[in-house]
Amino acid sequence: MCIRDRAKSYTLGINAHKTSGTAAFAKLRHIKQTSQPTNAKQEESTRIQLDLGYQQGLFNGLLKVSGSVFKLDEEVADNQDTKTSFQASWEYRF
């Protein structure tokens, strides 16, 4: 159980859209979280994240592709971990 959790987040992003249905975005995030568990030392973690995405019309539908890369620095474990994710979808409207 945590007595206190605090987070500060900063995001810098850009979105671009065309009337043809093509669009793209990029977001850069910096998140700092502080937790104070009961009867324990204060824990801090920092996360840097980059999100990229693109969409366009394809075969009478809409193709969307996006990905994320983030790095998590944790003071407690003294480790740094980089993770990635990728997502794609196709929507058809009838």
Side-chain angles (χ1 to χ4, degrees):
M1 181 172 107
C2 290
I3 293 175
R4 180 176 32 151
D5 281 338
R6 292 186 181 173
K8 286 186 181 180
S9 174
Y10 301 98
T11 303
L12 177 65
I14 186 167
N15 291 319
H17 296 274
K18 292 186 178 180
T19 56
S20 63
T22 303
F25 72 86
K27 295 177 187 175
L28 181 61
R29 294 186 175 117
H30 179 272
I31 304 163
K32 186 171 186 175
Q33 183 174 1
T34 306
S35 298
Q36 179 86 38
T38 306
N39 299 323
K41 181 182 168 188
Q42 180 174 314
E43 300 172 0
E44 287 189 3
S45 65
T46 302
R47 179 174 175 154
I48 306 291
Q49 180 172 337
L50 176 64
D51 299 324
L52 300 171
Y54 178 78
Q55 74 177 29
Q56 78 171 34
L58 181 68
F59 302 122
N60 294 324
L62 182 64
L63 174 68
K64 294 181 180 180
V65 178
S66 63
S68 295
V69 176
F70 70 88
K71 185 175 186 176
L72 182 63
D73 295 334
E74 293 180 319
E75 184 181 82
V76 176
D78 284 336
N79 73 16
Q80 296 181 350
D81 200 8
T82 302
K83 298 190 179 198
T84 60
S85 69
F86 178 77
Q87 161 179 323
S89 66
W90 180 71
E91 299 175 7
Y92 179 75
R93 297 185 185 201
F94 51 93

Side-chain donor/acceptor pairs under 3.5 Å, residues 13-28, sequence neighbours excluded:
unit_1	atom_1	unit_2	atom_2	d
S20	OG	T22	OG1	3.4

So side-chain hydrogen bond (donor to acceptor under 3.5 Å, both in side chains) across residues 51-61, not counting sequence neighbours, yields R29-D51, Q49-D51, D51-S68, Y54-Q56
How long is the straight-line distance from CD of Q33 back to OG of S45, given to the nearest 0.5 Å? 5.0 Å
Write down the atom of W90, the atom of L63, and the distance for their closest heavy-atom approach. CD1-N, 4.0 Å
With clusters defined by side-chain heavy atoms of hydrophobic residues (ILVMFWY) lying less than 4.5 Å apart, directly or transitively, does V65 cluster with L58? yes
Spacing of NZ belonging to K71 relative to OG1 belonging to T84, to within rounding of 0.5 Å: 14.0 Å
Straight-line distance of H30 NE2 to K8 NZ, nearest 0.5 Å: 10.5 Å
How long is the span from the OH atom in Y10 to the CD1 atom in I31, to the nearest 0.5 Å? 12.0 Å
